[in-house]
Number of protein chains: 2
Amino acid sequence: MSVGRTPATMTEIAAALGVSSATVSNALSGKGRVSAELSAKIRQAADELGYVPSHAARALRTGRTAVIGLVLPDISNPLFPQIAQAIEQAAAAAGYGVLIADSRGEIAQQTAAIGRLVERGVDGMIVVPRRGSRIGDVGTPIAIIDSPSTPGNTVSSDHRDGGVQMGRHLASLGHQKVLLIANSRQSNVQNDRVGGLEAGLGSDACCETLWVEEMEVSQGVGCALGLAARVADGYTAFAAVYDLLALRALTELQRDGIDVPLQASVSGFDDLVWSSVVMPPITTLRQNLAMIAERAVEALGGVIAERDAATRKPASVERNGAGVPMTLVIRQSTGPTMYSVVAAAAHARKDSR
Amino acid sequence: MSVGRTPATMTEIAAALGVSSATVSNALSGKGRVSAELSAKIRQAADELGYVPSHAARALRTGRTAVIGLVLPDISNPLFPQIAQAIEQAAAAAGYGVLIADSRGEIAQQTAAIGRLVERGVDGMIVVPRRGSRIGDVGTPIAIIDSPSTPGNTVSSDHRDGGVQMGRHLASLGHQKVLLIANSRQSNVQNDRVGGLEAGLGSDACCETLWVEEMEVSQGVGCALGLAARVADGYTAFAAVYDLLALRALTELQRDGIDVPLQASVSGFDDLVWSSVVMPPITTLRQNLAMIAERAVEALGGVIAERDAATRKPASVERNGAGVPMTLVIRQSTGPTMYSVVAAAAHARKDSR
DNA sequence: CCAAGGTGATTAATCGTTTAATCAACCATA
DNA sequence: TATGGTTGATTAAACGATTAATCACCTTGG
C-alpha cells in the first residue's frame with residue numbers, strides 16, 4: 001500500500017500545480033471562488049499525492065478540533081460498550097473523533113475528567129452523568145444522556161414509557177402482585193422506570209419496590225434478595241429496573257427451585273448481552289441507543305455551531321426533546337402465572353374432549 | 001470559577017513579564033537555559049494567568065498529538081469497559097488522551113477504524129484484534145492486547161496459566177469428568193485457556209471441549225447446550241472459557257433442576273460484573289487489566305520514542321513479554337462433587353460419634 | 001589584556017491551514 | 001471611454017508552541 005509515505009500538504013499540491021495554497025484550500029473546502037476546472041484538477045492532484053489534511057494545523061487555525069469527549073460514570077455499567085459504540089459511530093458520521101474519559105465512579109473524578117477533556121480542546125462533550133450529580137458550566141458545549149427528567153441539554157430514552165410497556169405486559173399476563181426491584185433512589189433513570197412500571201401495572205395491581213442498595217447496607221453486598229419467600233407470599237412477577245438485577249433475581253429464584261416463568265416471571269431493562277443467552281432468556285426493554293447517540297451528537301453539533309456563531313455566551317442551550325422510545329423484547333422469562341396456566345390447561349382439556 | 005476565560009497563551013505570559021516567548025517555553029518545559037528565578041516567576045505568572053497549553057499548536061510544531069487510539073473488536077464483549085477504563089487510566093497517567101475506534105466486528109471495519117485513527121494523527125494505537133485477524137503495518141506504532149501466542153508487540157494475560165490454575169482447582173475438588181465450554185476455535189485466547197485447563201486437570205481427568213459456535217450452526221444461536229444430559233452422563237464440572245458461557249451453563253443447569261455446585265460445578269473466566277451477583281456467584285479468573293494496560297501503554301510509549309529518535313523505520317519492535325498472571329477467584333459455583341460430599345459427611349458422622 | 005568558554009536570554013523560522021484583503025482581468029453600461 | 005461590478009486567483013497575516021541559531025555579557029586563564 002501507499003502507507004508510510006509522508007502525507008502531502010496543501011503547499012505541496014499548490015507547488016505541483018503552480019497555484020497558491022490558498023486556492024488549494026478554497027478548492028478542497030469549496031468555500032472561496034475557484035473555477036470548476038481548476039478545482040477538479042486540484043482535487044485530482046490531492047488524490048494522487050495522497051493528501052491528508054493536518055488536523056493539528058486546522059485546529060490551530062480554526063480553534064476547532066473536531067473531537068468530542070465522552071464522559072462515562074462507573075464504567076462497570078455493562079451498558080457502556082453499547083453507548084460508546086453508538087456514540088462513536090454517530091460521531092464518526094458527523095466527522096468527530098471521540099476522546100474517552102472515565103470518571104471512575106467518584107464525582108470528583110467526573111469533574112477532573114471533564115477538565116482533562118477541556119484542556120485537550122474538545123469541541124464539546126457528551127456526558128452520561130454519575131447518578132445524582134449535576135454538571136456545572138465548563139465553558140464547553142455539553143450534551144447529557146440520562147433521563148428526560150434531568151434538566152439541561154438532555155437526550156435519553158423514555159424510561160417511564162418503557163416502564164409502562166413492561167407493566168402492561170405483565171398485567172396482560174395476569175400478574176397482580178409484582179415486586180419491583182431497583183437499586184438506588186438517587187437515579188433518575190431508575191425512578192422513571194419504577195414510576196412507569198407502577199403506572200403500567202395499573203392501580204388494581206399490588207406492587208412494592210425493593211431498593212437493593214438499602215437492603216445491602218444491612219445485609220451486605222451481594223446478599224440474597226429473599227425472593228423465594230416473596231413467591232410464597234403470593235408474588236408472581238419480579239420486574240427489575242435493569243438486567244443485572246433481573247439476572248440476580250432469576251438465578252436466585254432458580255437456585256431456590258422456583259421455575260421461571262411457570263411460578264414467577266422475571267423482567268429487566270436494557271437488553272444486555274447475557275439477557276438473551278441465559279436460560280430462560282430474559283424479557284426486557286431495549287433502548288434505541290443508535291438514535292440516542294445520533295441525537296446527542298446532533299444536539300451537541302448544534303450547540304457548537306451556535307457557540308461559534310455568537311462567540312459570546314457559552315450557551316448551553318436547553319433543547320430537551322422528547323424521550324426516545326424503548327422497545328419491548330418479549331422472551332421466555334415472563335409468562336402467565338401458573339394458576340392461569342393450570343386454568344387454561346383445564347379449559348383446553350375440557351374443550352378438546 | 002475562573003472557567004470561561006480565554007485561556008492565556010505563552011506570548012501573553014511573555015508580554016506580561018517583558019520576556020520573550022521562547023524563554024517562557026523553555027522555562028515551562030525545562031529544556032533550554034533559563035535562570036532559576038526567572039523560571040519561577042514565569043511559572044507563577046502562568047498559574048495566575050491560567051495558562052493552558054494549546055495542544056493544537058504543540059501538535060503542529062512537534063508532529064506529536066499526545067493521543068493514542070484504542071481499537072476494539074466486537075464491542076459487545078462485556079470485558080470491553082474494563083479494558084477501556086484501564087487503558088484510559090494508564091494513558092492519562094502517561095499524558096496521553098485516548099481516542100476510541102470501534103471495529104464493529106467486521107474485519108474491514110477494523111482496518112477502516114485504524115485508518116481513521118491514523119488520519120487523525122494519533123501517536124500510536126492499542127489494538128484488541130478481532131479474533132483470528134492480523135494487523136498490518138500502518139506506519140504508526142501499535143501495541144496489541146490479545147494472547148501471548150500472538151506475534152508482534154503484544155501484551156496480555158497468561159491465559160494458559162489461568163487455565164492451569166482453574167484446572168488444578170477443579171481437580172483438587174475431585175472432578176474427574178469435566179466439560180470444557182468454549183466458543184470459537186479461531187480465538188487464540190480461548191485456545192490458550194482450553195489448553196491450560198486440560199493441562200491443569202491432569203492427564204487422568206477425562207475432558208471434552210464443547211465448541212458452542214459449531215453447535216449453534218446446526219442448532220441455532222442461543223440453543224440449549226444439553227448440559228443436563230452431560231450430568232446424567234457423569235460430568236461433574238463445566239469449565240467455561242469466559243463468564244458469559246459460564247452464565248449460560250449455570251442458568252441452563254439450574255433451569256433443569258440441577259443444583260450448582262452440589263451436583264455440578266461451573267467456572268468461568270474474566271470476572272465480569274454479573275459473576276459475583278448471580279446465585280451462586282461464579283468461580284472465575286480475574287485478569288489484571290490495570291497491569292496489562294500499563295504495560296501496553298508503556299510498550300507503545302517505547303515504540304513511539306524509538307520511532308521519533310530514528311525517524312527511519314516504522315519499527316514495530318517485537319517486545320513480546322511474559323504474560324500477566326491471572327488470579328483465581330473462588331466463589332460458590334464450584335465445590336466438591338456430591339459423592340465426595342456424601343462421603344465426607346459419612347466420614348464426619350462416623351468420626352463424631 | 002585578549003581569547004576562550006559559559007550563561008541567560010532573544011530572534012526568527014517553522015509546522016499546515018484558513019481567511020481577510022488585495023489585485024488583475026474582463027464584461028457591461030452610461 | 002471612463003466607471004462599476006464580477007470573477008478567479010494571489011498575498012500575507014494569523015493561530016501558538018518549539019527550537020536552532022545568535023547575541024550580549026560575564027568569568028577565567030594564559
Side-chain angles (χ1 to χ4, degrees), chain A residues 5-43 45-46 49-67 95 118-121 123 305 308-309 311, chain B residues 5-43 45-46 49-67 95 118-123 308-309 311:
Chain A
R5 279 281 146 277
T6 317
T9 75
M10 282 194 168
T11 325
E12 284 166 9
I13 298 180
L17 263 59
V19 300
S20 84
S21 69
T23 304
V24 175
S25 174
N26 284 331
L28 294 179
S29 68
K31 284 201 167 170
R33 293 183 296 210
V34 187
S35 67
E37 39 197 342
L38 180 51
S39 180
K41 249 198 305 210
I42 290 177
R43 247 175 261 279
L49 297 177
Y51 169 68
V52 175
S54 157
H55 275 84
R58 183 174 292 166
L60 177 56
R61 180 62 230 253
T62 64
R64 302 185 56 254
T65 53
V67 169
V118 171
E119 286 206 359
R120 281 207 177 266
D123 291 341
D308 45 54
T311 326
Chain B
R5 281 279 146 279
T6 317
T9 74
M10 282 194 166
T11 325
E12 284 165 9
I13 298 180
L17 263 59
V19 299
S20 83
S21 69
T23 304
V24 175
S25 174
N26 284 331
L28 294 179
S29 68
K31 283 200 168 170
R33 292 181 298 209
V34 187
S35 67
E37 40 197 341
L38 180 52
S39 180
K41 248 198 304 210
I42 290 177
R43 246 174 264 277
L49 297 178
Y51 170 67
V52 175
S54 157
H55 274 84
R58 183 175 290 164
L60 177 56
R61 181 61 230 251
T62 64
R64 301 183 58 255
T65 52
V67 169
V118 171
E119 286 206 359
R120 281 205 176 268
V122 297
D123 291 341
D308 44 56
T311 325

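Keep in mind that what you see is a predicted model, and the values were worked out from it rather than measured.
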Quick check on [N]: is either OP1 or OP2 less than 4.0 Å from any side-chain nitrogen or oxygen of [X]?
X	N	value
Thr23(A)	dA9(D)	no
Arg33(B)	dG6(C)	no
Lys31(B)	dT18(D)	no
Ser20(B)	dA9(C)	no
Ser35(B)	dA9(C)	yes

Atom [atom1] of [X] and atom [atom2] of [N]: how far apart are they, to the nearest Å?
X	N	atom1	atom2	value
Arg58(B)	dT19(D)	CZ	C1'	14 Å
Lys41(A)	dG8(D)	NZ	C1'	13 Å
Arg64(B)	dA17(D)	CZ	C1'	14 Å
Arg120(B)	dG16(C)	CZ	P	18 Å
Leu38(A)	dT10(D)	CG	P	7 Å
Asn26(B)	dA20(D)	CG	P	10 Å
Leu60(B)	dC15(D)	CG	P	14 Å
Glu12(A)	dC15(C)	CD	C1'	12 Å

Mapping Thr62(B) and Val34(B) onto DNA chain C by nearest heavy atom, which one lands closer to the 5' end?
Val34(B)

First of Arg61(B) and Gly18(B) reached from the 5' end of DNA chain C, by closest nucleotide:
Gly18(B)

Measuring from atom OG of Ser35(A) to atom NZ of Lys41(A), what distance do you get when rounded to the nearest 0.5 angstrom?
8.0 Å

CD1-OG distance between Ile42(A) and Ser25(A), expressed to the nearest 0.5 angstrom:
9.5 Å

For the side chain of Ala22(B), starting at C-beta, report the closest nucleotide among dT19(D), dG16(D), dT10(D).
dT19(D)

Determine the contact category for Val24(A): base if any of its heavy atoms lies under 4.0 Å from a base atom, sugar-phosphate if only primed atoms, P, OP1 or OP2 are that close, otherwise nothing.
nothing

For Ser25(B), report the nucleic acid contact type (base, sugar-phosphate, nothing); a contact means any heavy atom under 4.0 Å.
base

Donor-acceptor under 3.5 Å (Arg43(B) side chain, Ala27(B) main chain):
yes

Using side chain to side chain contact (heavy atoms under 4.5 Å, CB included) as the criterion, list what pairs up with Ala16(B), not counting sequence neighbours.
Leu49(B)

Looking only at heavy atoms, the pair that brings Asn26(B) and Gly32(B) closest together is OD1-N, 3.4 Å

